[in-house]
Amino acid sequence: MPELPEVEVLVRHLAPLLKNKTIQHVHINRERVLAGTPPQKLRKALRGATFESLARRGKYLRFELRAANQAVTLPLLGHLGMTGRMYLLPSNSPLPKHAAVVLDLGSENFVFEDTRYFGKFTLDTTALDELGPEPLGPEFTPENLTSALKRSSQPIKVKLLDQCVVAGVGNIYASEALFLACISPSRQSNTLRLPQVHRLCGAIKKVLVEAINRGSTVPLNLSGNGTRDGLFYYGSAPGASASLEERLRVYDREGKPCFTCGTPILRVIQAARSTFYCPQCQRAARASSEVKHRSRKSLA
DNA sequence: CACCATGTTCCTTG
DNA sequence: CCAAGGAACATGGT
């Protein structure tokens, strides 16, 4: 599932390819991804409309379309869920089995493919209102992150997946950022001190920027066809085929040695998701019970 | 068959 | 009402 870096790479890739293309027909194969937008409404809104711009917000793609002879633009929101992909295909290419929505652009199709159909393709943009700051934007500061964390006793790893806290961090980069910041994933959010939050902020930015610069974490197959190369293909580019292990410091490295200290990486389950961390580099802070015990001792 | 998966949302429980 | 935990969603890979 694409986290922020892959969405960013995809948006940069698609924006110039879609610009000024006009939608001839709208094919909806899975209403579930419309997130409440009536199919007729989507067809009516998109048919004849032209792509004007595309931007990312968190893990969302926000398309701006202009209907023929209209002054106003229409926002269209996309989300890749766990398995979503978006790409252009020549009109004569076969559509994938799980094509949820297909926009006919004349000589090519813009395909939203999503095997598990957890993704979204909708005119309803209200989801954006709930999002916290962009991690690579000016609002994402240690001070703001501290205030977002201060009233939560949830483990910090779980809290980082909350899109209200910071928009775009997912399961991979939550583990990665905590490793870089040397913070235990089980540390209670509201017990982090400013220096640690400072480190965490920097670590989040660093792992995201690294991944964006790398192209993506998992090779994105933007052609929709693993055997084809060409314009829309990232995955097979030379140097882009490094395995997860070569790109990530702890994620999916259970039992393998920490790159810093050699201690085997652990995997635990938090909020029903896997977390990976180094128990040596990311030691939990001294438990409060231990602190109490000590003070009781010194009193005695 | 078992378990796992880059996400979000809904339901239940306390 | 709120926070937290877990199941559900749907499909495929190992």
Side-chain angles (χ1 to χ4, degrees), chain A residues 1-11 29-36 56-61 77-86 96-100 112-122 124-132 135 148-179 185-190 204 207-208 210-212 214-222 226 234-235 242-245 247-255 267-276:
Chain A
M1 141 232 150
E3 298 186 29
L4 182 151
E6 287 134 78
V7 179
E8 178 66 25
V9 169
L10 178 61
V11 163
N29 299 321
R30 280 282 179 147
E31 284 188 27
R32 129 178 278 276
V33 306
L34 303 190
R56 179 191 59 73
R57 174 78 174 97
K59 301 172 192 170
Y60 288 89
L61 299 97
L77 204 61
H79 193 293
L80 300 176
M82 293 278 267
T83 53
R85 289 174 168 177
M86 294 184 188
K97 180 177 179 184
H98 298 294
F112 173 34
E113 174 189 7
D114 187 1
T115 305
R116 292 168 74 179
Y117 303 107
F118 290 173
K120 296 286 178 280
F121 202 80
T122 177
D124 179 3
T125 62
T126 56
L128 296 179
D129 303 339
E130 320 269 302
L131 292 180
L149 299 178
K150 72 182 174 198
R151 279 190 334 286
S152 175
S153 60
Q154 276 187 308
I156 184 62
K157 154 60 164 54
V158 176
K159 201 65 188 166
L160 287 180
L161 300 182
D162 181 347
Q163 301 298 295
C164 304
V165 171
V166 54
V169 174
N171 205 40
I172 291 177
Y173 297 108
S175 283
E176 293 294 299
L178 287 169
F179 172 77
S186 54
R187 181 72 180 268
Q188 281 187 23
S189 299
N190 55 12
I204 289 169
V207 297
L208 295 179
E210 264 181 7
I212 290 169
R214 201 130 210 181
S216 70
T217 300
V218 168
L220 277 184
N221 178 357
L222 299 181
Y234 278 67
S243 67
L244 281 182
E245 181 181 336
R247 302 171 188 211
L248 300 173
R249 295 169 174 88
V250 289
Y251 185 83
D252 207 25
R253 296 195 65 243
E254 180 180 19
R267 169 177 172 264
V268 296
I269 301 297
Q270 293 179 291
R273 313 295 301 279
S274 287
T275 299
F276 299 86

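The sequence lines fix the lettering, A, B, ..., with proteins before strands; numbering per chain opens at 1.
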Q: Assign Lys97(A) to base, sugar-phosphate, or nothing according to its heavy-atom contacts below 4.0 angstrom with the strands shown.
A: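 Answer is sugar-phosphate: Lys97(A) comes under 4.0 Å of backbone atoms only.
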
Q: Along DNA chain C, 5' to 3', what are the outermost nucleotides having an atom less than 4.0 Å from a heavy atom of chain A?
A: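 Range of nucleotides within reach of chain A: dA4(C) to dG12(C).
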
Q: Enumerate the salt bridge (charged side-chain N to carboxylate O under 4.0 Å, His left out) contacts for residues 161-171 of chain A, please, sequence neighbours excluded, ordered by first and then second residue.
A: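 Every pair satisfying salt bridge (charged side-chain N to carboxylate O under 4.0 Å, His left out) with a residue in residues 161-171 of chain A: Lys159(A)-Asp162(A).
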
Q: Looking at residues at least two apart in the chain, or sitting in another chain, which of them share a side chain to side chain contact (heavy atoms under 4.5 Å, CB included) with Ala35(A)?
A: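 By the side chain to side chain contact (heavy atoms under 4.5 Å, CB included) rule, Ala35(A) matches Lys120(A), Thr122(A).
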
Q: Quote, to the nearest angstrom, the P distance that separates dA7(C) from dA2(B).
A: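 The same atom, P, in both gives a distance of 16 Å.
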
Q: Looking at residues at least two apart in the chain, or sitting in another chain, which of them share a side chain to side chain donor-acceptor pair (under 3.5 Å) with Thr125(A)?
A: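 Side chain to side chain donor-acceptor pair (under 3.5 Å) check on Thr125(A) returns nothing, list empty.
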
Q: Could you check how far CZ of Phe121(A) sits from P of dT8(B), rounded to whole Å?
A: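 So the two atoms are 18 Å apart, to the nearest Å.
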
Q: Tell me the interatomic distance from Met82(A), atom CE, to dT8(B), atom C1', rounded to whole angstroms.
A: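 So the CE-C1' distance, Met82(A) to dT8(B), works out to 10 Å.
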
Q: Looking at residues at least two apart in the chain, or sitting in another chain, which of them share a salt bridge (Lys or Arg N to Asp or Glu O under 4.0 Å) with Glu254(A)?
A: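 Result, salt bridge (Lys or Arg N to Asp or Glu O under 4.0 Å) vs Glu254(A): none returned.
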
Q: Going by the rule side chain to side chain contact (heavy atoms under 4.5 Å, CB included), which residues pair with Pro185(A) if we only count those two or more places apart in sequence or in a different chain?
A: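 Only Lys157(A), Leu178(A), Gln270(A), Thr275(A), Tyr277(A), Gln282(A) meet the side chain to side chain contact (heavy atoms under 4.5 Å, CB included) criterion with Pro185(A).
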
Q: Which atom pairs link the protein and nucleotides 9-14 of chain B when you take only N or O atoms and keep those under 3.5 Å?
A:
none

Q: Determine the sole option in Leu248(A), Val169(A), Asn171(A) for which the side chain to side chain contact (heavy atoms under 4.5 Å, CB included) test with Glu176(A) is passed.
A: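 Testing each of Leu248(A), Val169(A), Asn171(A) against Glu176(A), the sole residue satisfying side chain to side chain contact (heavy atoms under 4.5 Å, CB included) is Leu248(A).
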
Q: According to the Watson-Crick and G-U wobble definition with distances under 3.5 Å, which dot-bracket string, read 5' to 3', encodes DNA chain B, using [ ] for crossing pairs and | for pairs with another strand?
A: .||||.||||||||

Q: Separation of Phe118(A) atom CZ from dA5(B) atom P, in whole Å?
A: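 Taking CZ of Phe118(A) and P of dA5(B), I get 13 Å after rounding.
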
Q: Can you list the residues that meet the side chain to side chain donor-acceptor pair (under 3.5 Å) rule with Ser186(A), with sequence neighbours excluded?
A: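 Partners of Ser186(A) under the side chain to side chain donor-acceptor pair (under 3.5 Å) test: Ser184(A).
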
Q: Expressed in whole Å, how much space separates the C1' atoms belonging to dG13(C) and dT8(B)?
A: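 Comparing C1' positions in dG13(C) and dT8(B) gives a spacing of 22 Å.
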
Q: Mind checking Arg151(A) for me? I need base, sugar-phosphate or nothing, with any heavy atom below 4.0 Å counting as a touch.
A: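 Arg151(A): no heavy atom of the nucleic acid under 4.0 Å.
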
Q: Could I get the full list of side chain to side chain donor-acceptor pair (under 3.5 Å) partners for Glu8(A), not counting sequence neighbours?
A: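 Once residues adjacent in sequence are excluded, the partners of Glu8(A) under the side chain to side chain donor-acceptor pair (under 3.5 Å) criterion are Arg12(A), Arg56(A).
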
Q: Take the protein atom OH of Tyr117(A) and the nucleotide atom C1' of dA5(B), then report the distance between them rounded to whole Å.
A: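 Whole-Å distance recorded here is 17 Å.
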
Q: Nearest whole Å is fine: how far is dA5(B) P from Arg273(A) CZ?
A: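 Between P of dA5(B) and CZ of Arg273(A): 8 Å.
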
Q: Applying side chain to side chain donor-acceptor pair (under 3.5 Å), name anything that partners Asn190(A), two or more places apart in sequence or on another chain.
A: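 With neighbours one apart ignored, the set is empty.
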
Q: Got a sec, which residues hit side chain to side chain contact (heavy atoms under 4.5 Å, CB included) with Thr115(A), two or more places apart in sequence or on another chain?
A: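 Testing Thr115(A) for side chain to side chain contact (heavy atoms under 4.5 Å, CB included), a comparison that skips the adjacent residues, returns Thr83(A), His98(A).
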
Q: Mind calculating the distance between CD (Glu3(A)) and P (dA5(B)) to the nearest angstrom?
A: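 Roughly 13 Å, once rounded to whole Å.
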
Q: Does Glu210(A) form a salt bridge (Lys or Arg N to Asp or Glu O under 4.0 Å) with Arg249(A)? I'd like the steps, not just the answer.
A: CA-CA 12 Å; Glu210(A) 264 181 7; Arg249(A) 295 169 174 88; 2.8 Å; yes

